[in-house]
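We name chains A, B, ... by the order of the sequence lines, and we start the count at 1 in each one. These numbers were taken from a predicted model, which means no experiment stands behind them.
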2 protein chains.
Amino acid sequence: MALKKKTTQSSPRKPLSRERVLKAALALVDKDGIESLSMRNLAAKLSVEAMSLYKHVANKDAVLDGLVELILREMEIPPVGTPWREAMRRRAWSVRHTILRHPWASVLIESRLAPGEARLSYADTVLSILKNAGFATEVQYRAFQMLDSYVYGYVLQEVNWPTKESDRKMLVVRLKEFLHDGRYPNLMKVIEQASWLKLAPGEKPYDADFEFGLQLILDGLERLLPR
Amino acid sequence: MALKKKTTQSSPRKPLSRERVLKAALALVDKDGIESLSMRNLAAKLSVEAMSLYKHVANKDAVLDGLVELILREMEIPPVGTPWREAMRRRAWSVRHTILRHPWASVLIESRLAPGEARLSYADTVLSILKNAGFATEVQYRAFQMLDSYVYGYVLQEVNWPTKESDRKMLVVRLKEFLHDGRYPNLMKVIEQASWLKLAPGEKPYDADFEFGLQLILDGLERLLPR
DNA sequence: CGCTTAAGCTTACGGTGTAAGCCTGTAAAG
DNA sequence: CTTTACAGGCTTACACCGTAAGCTTAAGCG
């Protein structure tokens, strides 16, 4: 019965580790939001005292760095052979989906530069795909940067938008009565026609708007290809 | 001598006010960074106790909202008659410069939706300019959103990049020795040729890269104009 | 003058990150 | 087998945070 010797069997007590700490942090933050991540809370989740965490993690900032690293690893890096347009598109959607799965991560990721292995390796892969596609060296860098800017910028806003259809309709109603006297008529008209108010069946709210900008950028990049 | 009556003349003691609190907060944050903004710190800056602030401001979150509002007001809104390309470009650069002037603001602005009068009025103006330019209604919304995504996304990264030339060179050196064994060759090559390493006299570091993406987007939008 | 009331102050509470040091079970060394 | 070292947990403590509750003072007004 006893795996090794005694283990007192009262409680399994798996030993702590950086890995386990970060996993628990991720679970905690996904469930209760980033503002509920405190060293004491996190420790409690692991049935341990706060200061014990410091044996496996330098400080809270290191926990945040670890979280970012976990999230970055969730993002798909298309294999090197992939045609550049498809590769860029898949990457963009993967970033977006990953962040929407962990909305708290949006601010975190960009606020700490922390290159980190994941980011470097990602950058190198993307650049190699662009190079193979025939882009000039300085265009590779800029295309990479530009796509990331757009994607992160878009998603950063998106995480604050209403996800439930009822909330979306309510927002329009409230805006309408706020602007009852015809202030901001352009804004009003545009909102009424916003694509996220009339979704095709099965369509998710802000997908189309995201894709629009993405394709516009990819089109623009394609024109920069020699010939 | 006495302006009104007594004033005890020992200390002028201008009365507190929401306005004064926010101005002081802005000054504090610009000087010592966002992490040094605490109610006690802020109060001290005004020669006052922390709890006194709450007579003019609901709570710390309201202070942050106020800061965002101040920053948004610093951004230029081109007048309605402006040709659309110039208007969009000026707006983009104004956003970028404003945020670079207050780097702490980048995270703050996007993290709190808080439409706020400034944002609404800005949106309406931009949309009207796009409408007058002849863009279809649903394109107006998307063009607006896309530009903002790109600009905020770009600047959000930029605030973390090295500003001093020496730091920039050092970064390349450190990266080089980190990748000594030829890992990530594409990354290495691209970095060596990055535009911010060979600046024309008077040129600021990341201007060209920003403009590149901006023009690419504007070009793409222009193609969407009927005819 | 006296009253009302707003503006500033004091105190206090429950939270935070983390420095310093203790305690104990396990594993290596003799 | 015994002794020792130490890793991995715990306890205590400190300085700071946002802010609730209530007190004090000063200004404005009849």
Side-chain angles (χ1 to χ4, degrees), chain A residues 2-25 28-29 31-68 104 107-108 111-112 114, chain B residues 2-25 28-29 31-68 104 107-108 111-112 114:
Chain A
L3 261 178
K4 216 43 182 308
K5 225 178 281 186
K6 43 166 95 147
T7 64
T8 58
Q9 95 193 37
S10 71
S11 56
R13 283 252 306 222
K14 236 192 306 175
L16 233 42
S17 71
R18 192 188 124 93
E19 173 92 6
R20 241 163 69 75
V21 170
L22 292 182
K23 280 270 169 65
L28 174 62
V29 162
K31 193 161 72 69
D32 301 334
I34 189 75
E35 71 283 354
S36 78
L37 175 64
S38 75
M39 295 306 269
R40 287 175 238 260
N41 264 337
L42 178 52
K45 205 92 179 181
L46 291 159
S47 313
V48 127
E49 294 305 314
M51 290 312 290
S52 304
L53 301 177
Y54 286 82
K55 284 277 145 75
H56 303 94
V57 142
N59 50 32
K60 183 175 179 178
D61 235 52
V63 175
L64 295 179
D65 282 338
L67 282 182
V68 168
W104 47 267
V107 210
L108 226 52
S111 70
R112 52 199 59 231
Chain B
L3 260 178
K4 213 53 179 301
K5 225 179 279 188
K6 41 166 91 144
T7 64
T8 57
Q9 95 193 34
S10 70
S11 56
R13 285 252 306 222
K14 238 193 301 178
L16 234 42
S17 72
R18 192 187 125 92
E19 173 92 6
R20 241 161 68 76
V21 170
L22 292 182
K23 280 270 169 66
L28 174 62
V29 163
K31 191 161 72 72
D32 301 335
I34 191 74
E35 70 284 353
S36 77
L37 175 64
S38 76
M39 297 304 269
R40 287 175 236 258
N41 264 339
L42 178 51
K45 204 94 178 180
L46 290 159
S47 314
V48 129
E49 295 303 314
M51 291 310 291
S52 304
L53 301 176
Y54 287 81
K55 284 278 143 77
H56 302 94
V57 142
N59 49 33
K60 183 175 178 177
D61 235 52
V63 175
L64 295 178
D65 281 338
L67 281 182
V68 168
W104 47 267
V107 208
L108 226 52
S111 70
R112 50 200 59 232

| message | Less than 4.0 angstrom between a side-chain N/O of A:His56 and OP1 or OP2 of D:dG9, yes or no? | response | yes
| Gap between atoms NZ and P, on B:Lys55 and C:dA7 respectively (whole Å) | 8 Å
| query | Distance from A:Lys45 atom NZ to A:Leu37 atom CG, nearest 0.5 Å? | reply | 11.0 Å
| From B:Ser111 OG over to B:Leu64 CG, what is the distance, rounded to the nearest 0.5 angstrom? | 8.0 Å
| request: Taking side-chain contact (heavy atoms from CB on, under 4.5 Å) as the test, write out the residues that go with A:Lys55, two or more places apart. | output: none
| query | Of the nucleotides D:dT11, D:dG9, C:dC9, which has the atom closest to the B:Glu49 side chain? | reply | C:dC9
| task | Write down the distance between CG (A:Leu53) and P (C:dG17), rounded to a whole number of angstrom. | result | 10 Å
| message | Return the CE to CE distance between B:Met39 and B:Met51, rounded to the nearest 0.5 Å. | response | 8.0 Å
| task | Return the minimal non-hydrogen interatomic distance between A:Arg40 and A:Ala50, and the atom names on each side. | result | CG-CB, 3.7 Å
| Can you tell if the side chain of B:Asp32 reaches within under 4.5 Å of the side chain of B:Asn41, non-hydrogen atoms only? | no
Are any protein N/O atoms closer than 3.5 Å to N/O atoms in nucleotides 16-18 of chain D? If there are, list each pair with its distance.
from, atom 1, to, atom 2, distance (Å)
D:dC17, OP1, B:Ser38, OG, 2.9
D:dG18, OP1, B:Lys60, NZ, 2.8
D:dG18, OP2, B:Met39, N, 2.8
D:dG18, N7, B:Arg40, NH2, 2.5
D:dG18, O6, B:Arg40, NH2, 2.7

